[in-house]
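Notes follow the structure.
One-based numbering, in listed order, for ligands and for the atoms of each. The shown structure was predicted, so the numbers you read here are calculated from the model rather than taken from an experiment.
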Amino acid sequence: MCGIIGYTGHRPAVPVVVEGLRRLEYRGYDSAGVAYVQRGELHITRALGKLSALEDKLAQSPVTMATTAMGHTRWATHGVPAERNSHPHASNSGNIAIVHNGIIENYQQIKDDLLSKGYVFHSETDTEVLVNLIEECQKTEPDLLQAFAAALRQAHGAYAVCLMSKDEPNTLYAARMSAPLIFGIGTGENFIASDIPAFLPYTRKVLFLEDGEIVRATATSYAIMRLEDLSPVSRTVQTIQWDMQAAQKGGYRHFMLKEIFEQPRVLRDGLTGRINGENNSIALAELDGQPVPERLHIVACGTSYHSGLWARHLLESWAGVPTQVEIASEFRYRDHLLLGKNDMVLVISQSGETADTLAALRIAREQGVPVLGLCNVVGSSIAREASAVFYTQAGPEISVASTKAMCSQMLALALIALYWGRRQQRLSPDEVSAHIRQLDALPAALEAALPAMHERARELSRRYAQARNFFYLGRGLCYALALEGALKLKELSYIHAEGYASGEMKHGPIALIDPSFPTFALALDDNLFPKVRSNIVEVQARQGKVIALTNPGAALDVDDIWEIPALPAPFSSFMALPALQLFSYETADYLGKDVDQPRNLAKSVTVE
Ligand code: M6R
């Protein structure tokens, strides 16, 4: 979590850094701050709350023409959101300052040692401990690079850190360990940031730093070195293909709404080059030459975990691969029965940086199990460390609540199930052709349905926005969607919502139902429809109000019917998913919540 950016070049650096922080705000927005050197003094400005608070403060300070600066946007870990805990943090002498993303696990031990040497601390952060450790190391290693490396060698945990000194006003130092850090190479200017959009208006040329690397940069030079011995590292420069427009709102009120409406495009892009609608063939170059696993373990968090739960049905029924799905934070602390190379671990992560998912990947690799990474962000840690990567190609997802990423993950997983099913000869050529035809028709069908879906979501949100609790019920594929619908509602509108397997309600949760506790039932026209209908009746018998998301012609008598166009399962899920997203979006917006940046959350969860 947290976003960091450093700039050194020929422009006034503070506006570049603040603009970069705006594009990193999805990583946290508890506080923000910048540092730069002017007339031999290190200047730090910090403000609690969103970036606009920092901008207000900067507007009241004298304008600086410094051409090197660094900044930070925070998601609190050590220490409450408060100005004293905001970054940058300066050392006791005020000579050096750092911004940091991650957690220094042995900070207390280091802090105790520094306290015994007379250091004082003004915050509760591990970051202030680290900057003072660097200062302490300078007593024996006057060269700042050497001192920085010596301090980092003592720090255990995760960090992406950027360092400035008043003695070298036009130099940035940075290092990475288990937290993302990307180096951007401009003309007469260089950047260091947690994510590419931070500097995308200036350069598309990037270097992905690896764990255990340290970089020293000026406007016209840079050197990457290994932390352990400062030996040089050579790295190929990569060129990013995104444009900035993809990272802007494009006329929508919120990024979330834009990203929901991008889903037909996401489906098209995800299918391009992978299916051929003319001869109904499927080609997944990423998986060619790899055996179909005997057992699959899907590991992920949040929405990505729901994609995995959804896909299990297809991986088992189409591909015949026994599949388990587990939350990464649970998986990583369990004894595993992974069976070597015939098993496969499939990690799913939009960001490719989720700490628990990355840890699960590393456990599997240590045990010699192949890991397939399903990621959106190109060059992310998971994409680079997996044995093979399958990109979901959703484009940048800016809204903290994940929407189009899930659509792209479900599509990719359906394609994988189809591809393995064909290779295992579990699906006949006719079945494969029929599925490919359905997939091919999906983007246009969704595009046509979205405007009416949005309208209905708006109507229903007004009717139910005052509810304090919600159940989301579904079975089979729709159970995973019910979990996702509930997650979206709670994270955006702060209404308590529980996703439940509808058949499980009678084992306890139904006790909660009363007229003030509505249920959102996923009752699509599939083989489980009669079962779901019975569960709906059970809720109604307890005076529970019901919204039923269903297909035209369904024989249901509920408070609110929401019909979406009928498609055969599992493709109907691609229609139901945006309906759930739109309902949560409209409810949160109606209640005046911050849709793109809900409280207490961050887009990329790089701490455990
Ligand atoms: O980047 P990832 O897919 O690994 O992220 C996983 C979760 O943190 C993420 O899906 C989270 O649950 C979102 N807030 C859901 O909207």
Side-chain angles (χ1 to χ4, degrees), residues 1 3 26-29 75 178-180 194-195 254-257 259-260 263 266 298-311 325-332 345-361 371-383 385-386 389-410 412-413 472 480-481 483-494 497 499 577-578 580-585 588 593-608:
M1 245 65 113
Y26 72 88
R27 302 179 65 84
Y29 33 85
W75 188 81
S178 303
S194 304
D195 199 358
H254 296 101
F255 280 112
M256 182 180 176
L257 191 58
E259 288 161 8
I260 292 171
Q263 287 174 107
V266 165
I298 297 181
V299 187
C301 301
T303 292
S304 296
Y305 166 71
H306 298 155
S307 295
L309 281 180
W310 179 86
V325 191
E326 194 166 349
I327 293 166
S329 54
E330 290 295 313
F331 177 92
R332 65 182 291 192
V345 168
L346 168 59
V347 291
I348 309 175
S349 175
Q350 186 285 130
S351 61
E353 301 292 351
T354 300
D356 286 320
T357 312
L358 185 57
L361 175 156
V371 179
L372 177 63
L374 191 69
C375 294
N376 188 34
V377 177
V378 175
S380 56
S381 301
I382 289 177
E385 292 192 30
V389 60
F390 195 104
Y391 283 116
T392 52
Q393 302 179 1
E397 191 178 66
I398 306 297
S399 168
V400 167
S402 192
T403 56
K404 63 176 179 171
M406 182 163 180
C407 171
S408 68
Q409 290 165 351
M410 284 163 46
L413 291 161
Y472 278 71
L481 297 181
L483 292 178
E484 176 61 9
L487 173 61
K488 284 281 103 58
L489 190 68
K490 66 186 140 199
E491 70 179 333
L492 290 168
S493 69
Y494 319 144
L577 179 67
L580 297 168
Q581 296 164 346
L582 285 164
F583 179 70
S584 298
Y585 167 81
K593 306 300 182 204
D594 188 340
V595 175
D596 281 334
Q597 294 180 338
R599 69 185 181 201
N600 304 342
L601 299 183
K603 182 73 182 159
S604 185
V605 185
T606 52
V607 292
E608 57 168 309

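V605 CG2, 3.9 Å is the protein heavy atom nearest to atom 8 (O) of ligand 1. Protein heavy atom in closest approach to atom 14 (N) of ligand 1: E491 OE1, 2.8 Å. Ranking the protein heavy atoms by distance from atom 12 (O) of ligand 1 puts G302 CA, 3.3 Å first. The protein non-hydrogen atom at the shortest distance from atom 4 (O) of ligand 1 is T354 OG1, 2.4 Å.
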**Study point:** side-chain contact (heavy atoms from CB on, under 4.5 Å) between M256 and L492, intermediate numbers included
**Key:** CA-CA 10 Å; M256 182 180 176; L492 290 168; 3.3 Å; yes
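The contact set between ligand 1 and A401, taken as ligand atoms under 4.0 Å from a residue heavy atom, comprises 16 (O). Near C301, meaning under 4.0 Å from any of its heavy atoms, are these atoms of ligand 1: 6 (C), 7 (C), 10 (O). Those atoms of ligand 1 that come under 4.0 Å of a heavy atom in T303, given as number and element, are 10 (O), 12 (O), 15 (C), 16 (O). For ligand 1 and S402, the ligand atoms under 4.0 Å from any heavy atom of the residue are 15 (C), 16 (O).
Contact check for L481 versus M406: side-chain heavy atoms found under the 4.5 Å cut-off. Side-chain atoms of K603 and E397, non-hydrogen and from C-beta on, do get closer than 4.5 Å to each other. By the 4.5 Å heavy-atom criterion applied to side chains, S604 and Q350 are not counted as neighbours.
Closest heavy-atom contact between M410 and S307: CG-OG, 4.4 Å. Here the shortest heavy-atom pairing between F255 and D596 reads N-OD2, 2.8 Å.
When non-hydrogen atoms are compared, ligand 1 lies under 4.0 Å from neither the backbone nor the side chain of E353. At a heavy-atom cutoff of 4.0 Å, ligand 1 is contacted by the side chain of K488 but not by its backbone.
With A328, S351, A300, S307 as candidates, the residue nearest to atom 1 (O) of ligand 1 on a non-hydrogen basis is S351.
Partner of Q581 under the side chain to side chain donor-acceptor pair (under 3.5 Å) criterion, chosen from Q263, E484, E259: Q263. Considering T392, T403, L374, L413 as possible partners of S408, the one that fulfils the side-chain contact (heavy atoms from CB on, under 4.5 Å) test is T392.
Under the 4.0 angstrom criterion for non-hydrogen atoms, L601 is not in contact with ligand 1.
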